Chemist: 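Provided herewith is a single structure, encoded as structure tokens, for subsequent inquiry.
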There are 2 protein chains.
Amino acid sequence: MGYSIGQVAKKTGLTAHTLRYYEKEGLLPFVKKSSSGLRVFSDSDIEWLVLIECLKGTGMSLKNIKQYIDWCIEGDSTLTQRLEMFKNQKVKLEEQMKQLQKHMEKINYKIAYYTEIIANGSEGVFERNPKLAAERKRVYGK
Amino acid sequence: MGYSIGQVAKKTGLTAHTLRYYEKEGLLPFVKKSSSGLRVFSDSDIEWLVLIECLKGTGMSLKNIKQYIDWCIEGDSTLTQRLEMFKNQKVKLEEQMKQLQKHMEKINYKIAYYTEIIANGSEGVFERNPKLAAERKRVYGK
DNA sequence: TCTTGACTTAGAGTTAACTCTAAAAATTAT
DNA sequence: ATAATTTTTAGAGTTAACTCTAAGTCAAGA
């Protein structure tokens, strides 16, 4: 039921260096050490790492993730802070997703634009496709 | 039809420092200078900035954004590279969006979890709610 | 004209998050 | 038992993307 740092690195896709760094930063306060000083990760340590990846992946800094972990250690008196943190993160995440959707539209547009030009040459493309004409006008001026 | 660096900073939400930095890095090769050396941004410069924000917002590094800009300057011989770049970016973006959806589920779960505990106390919560019980088991062991 | 605020440059400094090094100790494989 | 691999530590180094400073120039309002 215990994993070495190398095994955890493989499992999570993080490097052993990064895992030690996270521990040094206080993000993995529950990792045990063997009698000879080797780190022994449990399944719940790996669950912590999964949550850390989730928060990191939604743009939270390691510093703020540590804040959450400190709240967890502090106990039940911080339950409302923790709930608030997740609610805030949800709002941010919703904004991110909306933003990515907009970016997707722009990128789809660029793909259509370049596909057209490559297929038909830049001459005449805009005249045959009013949507592209409007975009060209918007980006490059009349 | 020309904007000062301060006006562009306001329009885009970037700082003037950042705009100068972008220019230094080759990301704004079309910005003109007035006779006395002041930057004069055009509408199309602002469009470039919008595209830069799009690419940056989907995880592209400034270095790779510069590559794209260099291709644009190079002319029609790079059209296929540019199309490929946007197609790659679209794939990455789709992966990102899927990942964010997963993160959203985890965060929603945490919100439900903390809401329950705060409302009803931690005693009995798990027994009354088998989904939470399963999660607790998964995270903290039996 | 005077003053105030915006702009210029080169270059230094900062921050977050790693990433690596070296030398020693522990573990695993043969 | 020996060799190869993995892990340990403290601490140094790296990278990307800003962010700021200083000393001077330019522009707009009273």
Side-chain angles (χ1 to χ4, degrees), chain A residues 1-29 31-42 45-46 48-70 89 92 96 99, chain B residues 1-29 31-42 45-46 48-70 89 92 96 99:
Chain A
M1 275 290 77
Y3 309 99
S4 73
I5 196 166
Q7 288 172 317
V8 175
K10 264 195 190 159
K11 257 180 196 278
T12 60
L14 300 164
T15 69
H17 284 305
T18 300
L19 289 168
R20 286 189 205 102
Y21 168 69
Y22 282 3
E23 192 188 275
K24 194 165 62 180
E25 295 299 304
L27 266 58
L28 298 168
V31 174
K32 299 279 183 298
K33 295 277 182 87
S34 74
S35 54
S36 52
L38 301 191
R39 285 173 186 80
V40 181
F41 289 76
S42 69
D45 291 323
I46 288 166
W48 274 108
L49 281 167
V50 171
L51 182 57
I52 287 169
E53 284 306 285
C54 169
L55 294 173
K56 200 155 62 77
T58 56
M60 190 178 286
S61 68
L62 297 188
K63 193 181 151 188
N64 285 347
I65 295 171
K66 180 171 168 22
Q67 169 68 276
Y68 168 70
I69 288 167
D70 289 344
Q89 203 59 19
K92 279 190 203 160
Q96 268 178 67
Q99 198 56 61
Chain B
M1 278 294 74
Y3 309 99
S4 74
I5 196 166
Q7 288 173 318
V8 175
K10 263 194 189 159
K11 258 180 197 274
T12 60
L14 299 164
T15 69
H17 284 307
T18 300
L19 289 168
R20 286 190 206 102
Y21 168 68
Y22 282 2
E23 192 187 275
K24 195 165 61 181
E25 295 298 305
L27 266 56
L28 298 169
V31 175
K32 299 279 182 298
K33 296 274 183 86
S34 76
S35 55
S36 53
L38 302 191
R39 286 174 186 80
V40 181
F41 289 76
S42 69
D45 292 324
I46 288 166
W48 274 107
L49 281 167
V50 171
L51 181 57
I52 287 168
E53 284 306 285
C54 169
L55 294 173
K56 199 154 64 75
T58 56
M60 191 178 286
S61 68
L62 297 189
K63 193 181 152 188
N64 285 347
I65 295 171
K66 179 171 168 23
Q67 168 68 277
Y68 168 71
I69 288 168
D70 290 344
Q89 203 59 18
K92 280 190 204 160
Q96 266 179 69
Q99 197 57 61

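A note on names: the letters A, B, ... follow the listed sequences, proteins ahead of strands, and every chain is numbered from 1. Just so you know, these numbers come straight off a predicted model, no measurement behind them.
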Chemist: Just jot down the side chain to side chain contact (heavy atoms under 4.5 Å, CB included) partners of A:K10, sequence neighbours excluded, or say none.
Modeler: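 Result, side chain to side chain contact (heavy atoms under 4.5 Å, CB included) vs A:K10: none returned.
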
Chemist: For A:T15, which contact category applies under a 4.0 Å heavy-atom criterion: base, sugar-phosphate, or nothing?
Modeler: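 No contact.
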
Chemist: According to side chain to side chain donor-acceptor pair (under 3.5 Å), who are the partners of B:Q67, at least two apart in sequence or on a separate chain?
Modeler: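 In terms of side chain to side chain donor-acceptor pair (under 3.5 Å), with neighbours along the sequence ignored, B:Q67 is linked to B:W71.
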
Chemist: Can you name the residues that form a side chain to side chain contact (heavy atoms under 4.5 Å, CB included) with B:A16, not counting sequence neighbours?
Modeler: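 B:I5, B:R20.
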
Chemist: What does the B/S/- profile of nucleotides 22-30 of chain D look like, 5' to 3', with a 4.0 Å heavy-atom cutoff to protein?
Modeler: ----SS---

Chemist: Could you pull out all residues at least two apart from B:S34 that satisfy side chain to side chain donor-acceptor pair (under 3.5 Å)?
Modeler: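 Result, side chain to side chain donor-acceptor pair (under 3.5 Å) vs B:S34: B:S36.
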
Chemist: Under the rule for salt bridge (charged side-chain N to carboxylate O under 4.0 Å, His left out), what residues qualify as partners of B:K56, not counting sequence neighbours?
Modeler: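 Checked B:K56 against salt bridge (charged side-chain N to carboxylate O under 4.0 Å, His left out); matches are B:E53.
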
Chemist: For the side chain of A:Q96 and the backbone of A:T58, is there at least one donor-acceptor N/O pair under 3.5 Å apart?
Modeler: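 Between the backbone of A:T58 and the side chain of A:Q96 there is a qualifying donor-acceptor contact (under 3.5 Å).
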
Chemist: Among residues 49-56 of chain A, which contact DNA chain D at a heavy-atom distance under 4.0 Å?
Modeler: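 Nothing qualifies; none.
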
Chemist: Suppose we screen for side chain to side chain donor-acceptor pair (under 3.5 Å). Which residues come up paired with B:T12, at least two apart in sequence or across chains?
Modeler: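 Testing B:T12 for side chain to side chain donor-acceptor pair (under 3.5 Å), a comparison that skips the adjacent residues, returns none.
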
Chemist: Can you list the residues that meet the side chain to side chain contact (heavy atoms under 4.5 Å, CB included) rule with B:S4, with sequence neighbours excluded?
Modeler: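 Scan of B:S4 (side chain to side chain contact (heavy atoms under 4.5 Å, CB included), adjacent residues dropped) gives B:Q7.
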
Chemist: Closest nucleotide of DNA chain D for A:E23 versus for B:K63: which of these residues is on the 5' side?
Modeler: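 First, find each residue's nearest nucleotide; the 5'-ward one identifies A:E23.
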
Chemist: Once salt bridge (charged side-chain N to carboxylate O under 4.0 Å, His left out) is applied, do any residues pair with B:E25, and if so which ones, sequence neighbours excluded?
Modeler: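 For B:E25, no residue satisfies salt bridge (charged side-chain N to carboxylate O under 4.0 Å, His left out) once neighbours in sequence are set aside.
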
Chemist: What residues, two or more places apart in sequence or in another chain, satisfy side chain to side chain contact (heavy atoms under 4.5 Å, CB included) together with A:K63?
Modeler: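 With sequence neighbours excluded, A:K63 shows a side chain to side chain contact (heavy atoms under 4.5 Å, CB included) to A:S61, given in chain and number order.
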
Chemist: Would you kindly compare A:V40 and A:K24 by the position of their nearest DNA chain D nucleotide and give the one closer to the 5′ end?
Modeler: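 By nearest-heavy-atom nucleotide position, the 5'-most residue is A:V40.
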
Chemist: Would you kindly give the CD1-to-C1' distance between A:I5 and D:dT8, to the nearest whole Å?
Modeler: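 From A:I5 CD1 to D:dT8 C1': 9 Å.
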
Chemist: Identify whether any heavy atom of A:R20 sits under 4.0 Å from a base atom; if not, whether one sits that close to sugar-phosphate; answer base, sugar-phosphate or nothing.
Modeler: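 Touches a base.
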
Chemist: Does a side-chain heavy-atom distance below 4.5 Å link B:L19 with B:V8?
Modeler: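 Yes - at least one pair of side-chain heavy atoms lies under 4.5 Å apart.
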
Chemist: 5' to 3' on DNA chain C, which nucleotides open and close the contacts with chain A (atom under 4.0 Å from a heavy atom)?
Modeler: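 Range of nucleotides within reach of chain A: C:dA17 to C:dT27.
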
